Every structure is written in structure tokens, then in C-alpha cells.
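Some notes on the structure that comes next.
All values reported here derive from a predicted model rather than from experimental measurement.
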Amino acid sequence: MSIDAQANLRTLRDVLRYATTRFNEARLSFGHGQADAFDEAAFIIMRTLQLPLERLDTFLDAYLTHAEINTLLQMIDRRVKQRIPAAYLLRESWLQGYRFYVDERVIIPRSFIGELLKEGLEPWVKDPSAVTHVLDLCTGSGCLAIMAADLFPNAQVDAVDISKEALAVARINVDEYGFSDRIALIESDLFGALPAKRYDLIISNPPYVTAPSMARLPREYQHEPRMALDGGEDGLDLVRRLMRQARGYLKRSGLLVVEVGDGRPQTEAAFRDIPLTWLTTSAGDDMVFLARQEELP
């Protein structure tokens, strides 16, 4: 952290410009909620100062105290030198307007299933109030389970993860949203520890990064738990297991919704006998598929 930087920064606008330049010069990798250096800088600055993200323009010309500038410069320095994603620096991540606590025990929320849940999974779910049982496999921080509980008001949600550490983070978020009576956190390897039960909806954002892609991950992604990313050679290790077992846990005409990243070609090759429906998200039609109970093996 340079003394010149401390001496020449006065306003929030000054720090935003400085951080954006530092991030671009360092060729940081993004994708954990922010798209580029400017968005990352704005997120770190506004949330470090406990200011609302959507009010950036209001505060651009606000003068900062010396203590605030020093704190921000330390955050910017850590982001550049240690390549720690902003969400871990701040212990905070946002998905579809929902705020979640995160740390290095869980993957940073960024699921495209969140977009679909925000829309109530229309038109496949006709009546959100009729959904009474939801299962979230590989829940991580609990983000999708919490969204499901919020958007399906009569649903009991089982949120499953193999990681005790991840479930401890999910507990923080479930309690923060006041859903401890509607979301059960279950330590299980997929369906392994679940009781005999059937669900209206099963959602899953499992590990799906292929082995070649794991070997090329930027340093930012190496801060995340490897088990939350690594999907095996073709990215489908857990998806294959999930598809073999899901039918027995779904009600008649129940829905299975699974995210596979850019793995549509491999997925269609692996499950060519199952009529998969690819759902439209902001990233296109290749990221998330849906299958009905009666269509599963």
C-alpha cells in the first residue's frame, strides 16, 4: 500500500478509480458476483463502508476519513496480492437480491437456479403455494434452500450437504432469515442419509467443473473448497449418481432441476434416453436442465 495513494485519495470516487486501476493492472479474475474490475471495486468499497450498493452515485463525492481510506486500501491490497475473492474479504455475498454470509468453508453463491427460483420456476410450477416439500442437494451456504423457502411459502425444505463445515455456514444464513422451523440441514452424501420421503421439487447445484478445467482454475477460485467444484473427469460424477436415485425421492410429476455449467454436451451424451428440458437463464439455455419424475430412470 503506497503512501502516495493515501496522500492523494480524498473521496469515494478517488478510491473507486484507484481500485479499478489496481484490479485491471493486476489482471484479477472475477465471476464471484461481480463481472469486472469496476463492479468489484464498487462492491468492496460500498460494503466495507456499510453503504447500500444501489446508492453508489449518491456517495461518489463524499469525503472519506483517514481511517476509512486506510481500511479500504488494506482491502484493495489483499484483493490484489492474495487474490481473495471480494465475497470472502467481506464475508458477504448477494444472489438475486438475497444477502448471505460466506467464508472459505463454502463456495460463493452464483447459481443460475437462483434466477429460476426468483421467477417461481414458471411455467413448470403452476402454483407456488402448492409446493410443500423441497430438497436442495449440495446446499453449501444454504442460499438456494433459503430462496426456495421464501418463494414457496408452504414448503418444508431439506438442505443437504456432505460437508459439516458448509452446513455450519448454512446454519448462520438459515437463522438470519428466520427459517429454522422450515429448513432442515442434513449432513448426507446426496440421498444417503435421507429418510424415505418424496418431494415436489429437487434442486441441485452440484460440483461440475471438469478435471481439465480444475487444473486451469484462476487463483481466486482456488480459495473455494475443492469438493464444491470438482465434478470429476467430465464434470458429471455427482450428476450421474443423482440421476440414478432421484426418481425414488420425487412425487408423481415432481421436478428435478440441476445446474451443470457449460456441460450440456456431456450431459446429453450421458443421459440420451432421458428427455431433458433446458431452461433459459441469463447465460443462455445450456446451464440448467429439468426432468420430470416419470421421465427419470
Enumerate, atom names and distances included, each donor-acceptor pair closer than 3.5 Å involving a side-chain atom of residues 186-197, sequence neighbours excluded.
{"unit_1": "Ser188", "atom_1": "OG", "unit_2": "Leu190", "atom_2": "O", "d": "2.8"}
{"unit_1": "Ser188", "atom_1": "OG", "unit_2": "Gly192", "atom_2": "N", "d": "3.3"}
{"unit_1": "Ser188", "atom_1": "OG", "unit_2": "Ala193", "atom_2": "N", "d": "2.7"}
{"unit_1": "Asp189", "atom_1": "OD1", "unit_2": "Arg241", "atom_2": "NH1", "d": "3.2"}
{"unit_1": "Asp189", "atom_1": "OD1", "unit_2": "Arg241", "atom_2": "NH2", "d": "2.9"}
{"unit_1": "Asp189", "atom_1": "OD2", "unit_2": "Arg241", "atom_2": "NH2", "d": "3.2"}
{"unit_1": "Lys197", "atom_1": "NZ", "unit_2": "Asp158", "atom_2": "OD2", "d": "3.0"}

Q) Do Ile107 and Phe30 belong to the same hydrophobic cluster, where Ile, Leu, Val, Met, Phe, Trp and Tyr are linked whenever their side-chain heavy atoms lie under 4.5 Å apart, directly or via other members? A) no
Q. How long is the gap from NZ on Lys164 to CG on Leu185, to the nearest 0.5 Å?
A. 14.0 Å
Q | Residues, nucleotides or ligands: over 12 heavy atoms within 6.0 Å of Asp230 CG | A | yes
(Q) Thr280: which residues meet the side-chain contact (heavy atoms from CB on, under 4.5 Å) condition with it, sequence neighbours left out? (A) Asp285
Q. Nearest 0.5 Å, what's the CE-CG distance between Met147 and Leu95?
A. 5.5 Å
Q) Going from OG on Ser29 to CG on Leu217, what distance comes out if it is rounded to the nearest 0.5 angstrom? A) 9.5 Å
Please list every donor-acceptor pair under 3.5 Å in which a side-chain atom of residues 248-257 meets a protein atom from a residue at least two apart or in another chain.
{"unit_1": "Lys251", "atom_1": "NZ", "unit_2": "Thr132", "atom_2": "OG1", "d": "3.1"}
{"unit_1": "Lys251", "atom_1": "NZ", "unit_2": "Asp200", "atom_2": "OD1", "d": "3.2"}
{"unit_1": "Lys251", "atom_1": "NZ", "unit_2": "Asp200", "atom_2": "OD2", "d": "3.1"}

Q. Under 3.5 Å, is there a donor-acceptor pair between the Thr139 and Asp136 side chains?
A. yes
Q: Give the minimum heavy-atom separation between Gly140 and Val106, together with the two atoms involved.
A: C-CG1, 3.8 Å
Q: Identify whether Ile84 and Phe43 are in the same connected component of the hydrophobic contact network (ILVMFWY, side-chain heavy atoms under 4.5 Å).
A: yes
Q: Grab the two heavy atoms, one from Thr210 and one from Gly235, that are nearest each other, plus how far apart they are.
A: CG2-N, 3.8 Å
(Q) What verdict does the side chain to side chain contact (heavy atoms under 4.5 Å, CB included) test give for Arg292 and Glu295, after you've listed the backbone C-alpha separation in whole Å, the side-chain angles of each residue and the deciding distance to 0.1 Å? (A) CA-CA 5 Å; Arg292 294 188 180 277; Glu295 297 166 346; 3.6 Å; yes
Q.
Let me check something: do Val239 and Val160 share a hydrophobic cluster, defined by ILVMFWY side-chain heavy atoms less than 4.5 Å apart, either directly or through other members?
A. yes
Q) When the ring centroid of His32 is compared with that of Tyr88, is the distance short of 6.0 Å? A) no
Q. Are Glu115 and Thr281 linked by a side-chain donor-acceptor pair shorter than 3.5 Å?
A. no
Please set out all donor-acceptor pairs under 3.5 angstrom arising from side-chain atoms of residues 168-179, sequence neighbours excluded.
{"unit_1": "Arg171", "atom_1": "NH1", "unit_2": "Asp175", "atom_2": "OD1", "d": "3.2"}
{"unit_1": "Asn173", "atom_1": "OD1", "unit_2": "Tyr101", "atom_2": "N", "d": "2.7"}
{"unit_1": "Asn173", "atom_1": "ND2", "unit_2": "Tyr101", "atom_2": "O", "d": "3.0"}
{"unit_1": "Asn173", "atom_1": "ND2", "unit_2": "Ser141", "atom_2": "O", "d": "3.0"}
{"unit_1": "Tyr177", "atom_1": "OH", "unit_2": "Arg99", "atom_2": "N", "d": "2.9"}
{"unit_1": "Tyr177", "atom_1": "OH", "unit_2": "Arg99", "atom_2": "O", "d": "2.9"}

Q: Name all pairs fulfilling the salt bridge (charged side-chain N to carboxylate O under 4.0 Å, His left out) condition that reach into residues 47-57, sequence neighbours left out, sorted by first residue then second.
A: Arg47-Glu92
Q: To the nearest 0.5 angstrom, please state how far the CD1 atom of Ile45 sits from the CD1 atom of Ile76.
A: 5.5 Å
Q.
Looking at every non-hydrogen atom in both residues, tell me the closest pair between Ser204 and Ile113 and how far apart they are.
A. O-CD1, 3.3 Å
For residues 148-156, which side-chain donor-acceptor pairs fall under 3.5 Å, sequence neighbours excluded?
{"unit_1": "Asp150", "atom_1": "OD2", "unit_2": "Tyr98", "atom_2": "OH", "d": "2.6"}
{"unit_1": "Asn154", "atom_1": "ND2", "unit_2": "Ser129", "atom_2": "O", "d": "2.8"}

Q: Check Val15, Leu64, Thr71 against Leu49 for a side-chain contact (heavy atoms from CB on, under 4.5 Å) and give me the one that passes.
A: Leu64
Q | Shared hydrophobic cluster for Val134 and Leu121 (ILVMFWY, side-chain gaps under 4.5 Å) | A | yes
(Q) With rounding to the nearest 0.5 angstrom, report the CG to CZ distance, Leu236 to Phe271. (A) 6.0 Å
Q | Intermediate values then yes/no, side chain to side chain contact (heavy atoms under 4.5 Å, CB included), Phe289 and Val260 | A | CA-CA 8 Å; Phe289 70 79; Val260 291; 3.9 Å; yes
Q | Intermediate values then yes/no, salt bridge (charged side-chain N to carboxylate O under 4.0 Å, His left out), Arg91 and Glu104 | A | CA-CA 9 Å; Arg91 297 294 190 244; Glu104 287 84 353; 3.1 Å; yes
Q) Any idea which heavy atoms bring Leu296 and Ala291 closest together, and the distance? A) CD2-CB, 3.9 Å
Q: For the pair Glu268 and Arg264, find out whether any cationic side-chain nitrogen is under 4.0 Å from an anionic carboxylate oxygen.
A: yes
Q: Identify whether the distance between the nearest side-chain nitrogen and carboxylate oxygen of Glu224 and Arg110 falls below 4.0 Å.
A: yes
**Q.** Worked verdict on Tyr18 versus Leu73 for side chain to side chain contact (heavy atoms under 4.5 Å, CB included)
**A.** CA-CA 9 Å; Tyr18 170 77; Leu73 289 176; 3.3 Å; yes
Q: Give a yes or no on whether Met287 and Val258 share a hydrophobic cluster (residues Ile, Leu, Val, Met, Phe, Trp, Tyr; joining criterion: side-chain heavy atoms under 4.5 Å apart).
A: no
Q. Which atom pair, heavy atoms only, marks the closest approach of Tyr221 to Gly31?
A. OH-CA, 3.6 Å
**Q.** Over all atoms of both residues, closest heavy-atom pair of Cys138 and Asp161
**A.** C-OD2, 3.5 Å
Q.
Can you tell whether the side chains of Asp61 and Arg10 come within less than 4.0 Å, N to carboxylate O?
A. no
Q) Do Asp36 and Phe38 pass the side chain to side chain contact (heavy atoms under 4.5 Å, CB included) test, and can you show the C-alpha distance, the side-chain angles, and the key distance before you say yes or no? A) CA-CA 6 Å; Asp36 55 29; Phe38 177 85; 3.8 Å; yes
